[in-house]
Amino acid sequence: MRIVSLQSGTSADGIDVAVVDVTADADGAVLRSRTDFPGPGPESAGDPSQPWLTLSCALARTVPWPPALRQRILAAAGDASVTAEEICQLDALLGQQFAQAAADALGELADAGGASADLLVSHGQTVHHWVADGHARGTLQLGEASWIAEATRAPVLCNLRAADIAAGGEGAPFMGVFDAAWLGSAARELGRPLATLNLGGIANLSVVSPDGSVRAWDTGPANALVDAVLARATDGVTSFDDGGRLAATGTVHETLLRDLLRHPYLARSAPKSTGRETFGLAVVDAHPLDLPLADLVATLTRFTAESVVASLRAECPELPERVIVSGGGVHNTTLMAHLRTLLQTDAVTVDTSAAHGIDPNAKESLLFALLGFLTWHGLPCTLPGTVPGGARLAGQLVFGPAAVRLPAPLTAIRGLSVVPAGGTVPA
Ligand SMILES: Nc1ncnc2c1ncn2[C@@H]1O[C@H](COP(=O)(O)OP(=O)(O)O)[C@@H](O)[C@H]1O
Ligand SMILES: [Mg+2]
């Protein structure tokens with residue numbers, strides 16, 4: 001089935017739109033993920049009556065938010081007190097932008113002879129994740145999905161996190177659902193855990209064990225603090241540290257680094273999730289120091305790497321064989337170098353998802369396409385904080401103009417492969 005995935009992460013850098021073709025291979029043919037691992041692949045993984053999925057991206061790109069709208073998103077997600085009128089307007093305006101991004105992508109593929117979408121999955125733009133006593137109580141993603149259904153004339157799955165929270169879960173992070181399906185068989189073959197790290201605004205880790213179980217949690221900030229500090233210092237002209245070049249010229253302020261590492265979120269054990277409300281400028285401003293900008297950025301970049309590695313060490317009695325990194329942070333060479341240096345002492349390899357056939361910028365888009373496929377086929381999602389028996393179907397369906405007929409439910413999937421961009425999967 002053809003699924004369009006729409007989302008904008010905590011960085012609010014733009015709409016990630018992807019058109020993903022998902023095929024469910026009932027007899028487990030030879031398609032498998034292009035990884036360096038000697039994974040057993042679909043032939044021997046799990047119950048052969050369950051399908052093995054193959055995901056292929058027909059198109060994936062990021063459509064930047066119009067700058068004025070991005071400022072309104074960041075204001076709504078930040079500390080500013082926003083009115084109901086502003087939330088209402090943003091909900092509609094963002095829905096229209098998501099709709100345009102989806103319609104443009106589908107239009108291009110239609111011009112090239114492609115089929116229309118069977119389903120769209122829209123995560124929306126998170127503006128608040130309500131956490132009390134360490135647990136999620138609510139979450140708010142903006143971008144009314146009716147605009148998307150109207151523009152594409154197809155059903156849209158939205159509000160993906162709410163059911164898990166209402167059932168006692170944390171509603172986040174989702175990436176473990178993808179990673180368990182993607183890396184489960186490889187971890188089993190290797191006999192060691194495999195981890196993934198997504199470096200968006202917030203950093204989240206998934207660890208897939210050889211028994212196929214997965215743990216996933218937010219470690220703290222990825223790029224959020226560096227982005228916020230740079231945007232403030234340059235009046236919004238620069239919104240990220242391109243390539244990590246500024247961090248590379250600065251000197252890490254060791255006292256500030258130690259103070260930052262005392263943030264109470266870092267001491268909590270997983271499962272846990274966080275967002276901009278916790279890791280915004282207030283974290284930096286709590287330590288008033290008159291540092292050169294390069295030194296501050298160098299220190300915050302190091303803070304991200306140290307907090308990720310400390311969290312991995314604290315949570316994993318058995319460290320993973322490698323950490324596969326995705327998200328915009330893979331382009332920050334300084335951050336990646338810190339991660340490699342720190343994890344070298346643990347003999348943990350650090351590489352990017354590109355080495356395993358997945359564009360680091362598109363991995364979250366593939367995740368949301370997978371969630372769409374699962375819900376469409378009646379498969380609930382177990383997130384790290386989901387209470388026993390509390391796994392729920394993710395999302396709410398907005399009907400397009402036509403009646404919707406759901407397929408026969410599946411009981412499980414065995415795993416998934418991703419066709420590398422522009423290529424075919426090697427046998
Ligand atoms: N070339 C680059 N150099 C350094 N950092 C980058 C680069 N490109 C993107 N980033 C970082 O990645 C962030 C966006 O990553 P993304 O995975 O889209 O996060 P989110 O899911 O939070 O939107 C940007 O805000 C920026 O900090
Ligand atoms: Mg993004």
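Sequence positions, counted from 1, serve as the residue numbers for this chain. As a basis for the values below, the full set of heavy atoms in this structure was taken, side chains included, without hydrogen atoms, waters or symmetry mates. Atoms within each ligand, like the ligands themselves, are counted from 1 in listed order.
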Peer 1: One residue to check: D227. Relative to ligand 1, which of side chain, backbone, both or neither has a non-hydrogen atom less than 4.0 Å away?
Peer 2: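 Only the side chain of D227 comes within reach of ligand 1.
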Peer 1: Taking 4.0 angstrom as the limit, do D211 and R188 come out as a salt bridge?
Peer 2: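 Salt bridge absent between D211 and R188.
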Peer 1: Counting backbone and side-chain atoms alike, is an N, O or S atom of E364 positioned under 2.8 Å from the Mg ion (ligand 2)?
Peer 2: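 No.
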Peer 1: Report yes or no: does a heavy atom of E364 sit under 4.0 Å from some atom of ligand 1?
Peer 2: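 The answer is yes: ligand 1 sits under 4.0 Å from a heavy atom of E364.
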Peer 1: Look at atom 4 (C) of ligand 1 and say which protein heavy atom is nearest, naming residue and atom and giving the distance to 0.1 Å.
Peer 2: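 Of every protein heavy atom, D241 O, 3.1 Å lies nearest to atom 4 (C) of ligand 1.
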Peer 1: Do the charged groups of R232 and D285 touch, with an N to O distance under 4.0 Å?
Peer 2: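 Here R232 pairs with D285 in a salt bridge, since their nearest N and O are under 4.0 Å apart.
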Peer 1: Any idea which atoms of ligand 1 are less than 4.0 Å away from a heavy-atom of H331?
Peer 2: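 Once the distances to H331 are compared, the set is 1 (N), 2 (C), 3 (N), 4 (C), 7 (C), 8 (N).
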Peer 1: Flag S239 as yes when one of its N or O atoms lies below 3.5 Å from any N or O atom of ligand 1, and as no otherwise.
Peer 2: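 No; every N/O pair is 3.5 Å or more apart.
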Peer 1: Please tell me if the side chains of T304 and L225 come closer than 4.5 Å, counting only heavy atoms from C-beta onward.
Peer 2: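 Of all side-chain heavy-atom pairs linking L225 with T304, none is under 4.5 Å.
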Peer 1: Quick one: nearest non-hydrogen protein atom to atom 19 (O) of ligand 1, plus distance?
Peer 2: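 Atom 19 (O) of ligand 1 sits closest to the protein heavy atom G200 CA, 3.1 Å.
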Peer 1: Between R340 and D351, is there a salt bridge with N-O shorter than 4.0 Å?
Peer 2: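 The answer is no: the pair does not qualify as a salt bridge.
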Peer 1: Mind checking the OG1-CG spacing from T274 to N204? Nearest 0.5 Å is all I need.
Peer 2: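 Those atoms lie 11.0 Å apart.
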Peer 1: For a 4.5 angstrom cut-off between non-hydrogen side-chain atoms, does V419 reach D21?
Peer 2: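 Not in contact.
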Peer 1: Give the atoms of ligand 1, by number and element, whose distance to some non-hydrogen atom of G9 is under 4.0 Å.
Peer 2: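 Listed by number with element: 20 (P), 21 (O), 22 (O), 23 (O).
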Peer 1: Indicate yes or no: does an N/O atom of D242 lie under 3.5 Å from an N/O atom of ligand 1?
Peer 2: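 It does: an N or O of D242 is found under 3.5 Å from an N or O of ligand 1.
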Peer 1: Are any of the N/O atoms in G201 less than 3.5 Å from those in ligand 1?
Peer 2: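 N/O-N/O distance below 3.5 Å exists for this pair.
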Peer 1: Quick one: look up the protein heavy atom nearest atom 23 (O) of ligand 1 and list residue, atom name and how far away it is.
Peer 2: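 Among all protein heavy atoms, the one nearest atom 23 (O) of ligand 1 is D13 OD1, 3.0 Å.
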Peer 1: Quick one: which ligand 1 atoms are inside 4.0 Å of a heavy atom on G327?
Peer 2: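 By the 4.0 Å cutoff, the relevant atoms are 17 (O).
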Peer 1: Is it true that R137 and E170 make a salt bridge, defined as a side-chain N closer than 4.0 Å to a carboxylate O?
Peer 2: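 Between E170 and R137 there is no salt bridge, as every charged N stays at least 4.0 Å from the carboxylate O atoms.
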Peer 1: To the nearest 0.1 Å, how far is atom 3 (N) of ligand 1 from its closest protein heavy atom, and which atom is that?
Peer 2: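 Checking every protein heavy atom, the shortest distance to atom 3 (N) of ligand 1 gives G243 N, 2.8 Å.
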Peer 1: So which of G328, A362, P360 gets nearest to atom 9 (C) of ligand 1, if we judge by its closest heavy atom?
Peer 2: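 Among G328, A362, P360, the closest heavy atom to atom 9 (C) of ligand 1 comes from G328.
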Peer 1: Give the residue and atom name of whichever protein heavy atom lies nearest to atom 5 (N) of ligand 1, and the separation in Å to one decimal.
Peer 2: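 For this ligand atom, the closest protein heavy atom is F240 CD1, 3.7 Å.
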Peer 1: Please determine whether a side-chain nitrogen of the Lys or Arg among R161 and D164 lies less than 4.0 Å from a carboxylate oxygen of the Asp or Glu.
Peer 2: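 A salt bridge is absent here (no side-chain N lies under 4.0 Å from a carboxylate O).
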Peer 1: Does the side-chain hydrogen bond (donor to acceptor under 3.5 Å, both in side chains) test come out yes or no for N159 and H123, once each step is laid out?
Peer 2: CA-CA 6 Å; N159 215 1; H123 173 266; over 6 Å; no
Peer 1: Is any side-chain heavy atom of T196 closer than 4.5 Å to a side-chain heavy atom of S353?
Peer 2: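 T196 vs S353: side chains apart.
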Peer 1: Strictly under 6.0 Å, is that where the ring centroids of W217 and Y265 end up?
Peer 2: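 No, too far apart.
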Peer 1: Taking only heavy atoms of T10, which atoms of ligand 1 are found under 4.0 Å from at least one of them?
Peer 2: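 Listed by number with element, the hits are 20 (P), 22 (O).
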Peer 1: Looking at K272 and D218, does any basic side-chain N land under 4.0 Å from a carboxylate oxygen?
Peer 2: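 Salt bridge between K272 and D218, a charged N being under 4.0 Å from a carboxylate O: no.
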Peer 1: Which ligand 1 atoms, with their elements, are less than 4.0 angstrom from a heavy-atom of G329?
Peer 2: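 Matching atoms, with element in brackets: 12 (O).
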Peer 1: Among the N, O or S atoms that D13 has, which is closest to the Mg ion (ligand 2)?
Peer 2: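 Going through the N, O and S atoms of D13 one by one, OD1 ends up nearest to the Mg ion (ligand 2).
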Peer 1: Just to be sure I read this right, does ligand 1 sit under 4.0 Å from the backbone of N198, its side chain, both, or neither, counting only heavy atoms?
Peer 2: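 It is neither part, as no heavy atom is under 4.0 Å.
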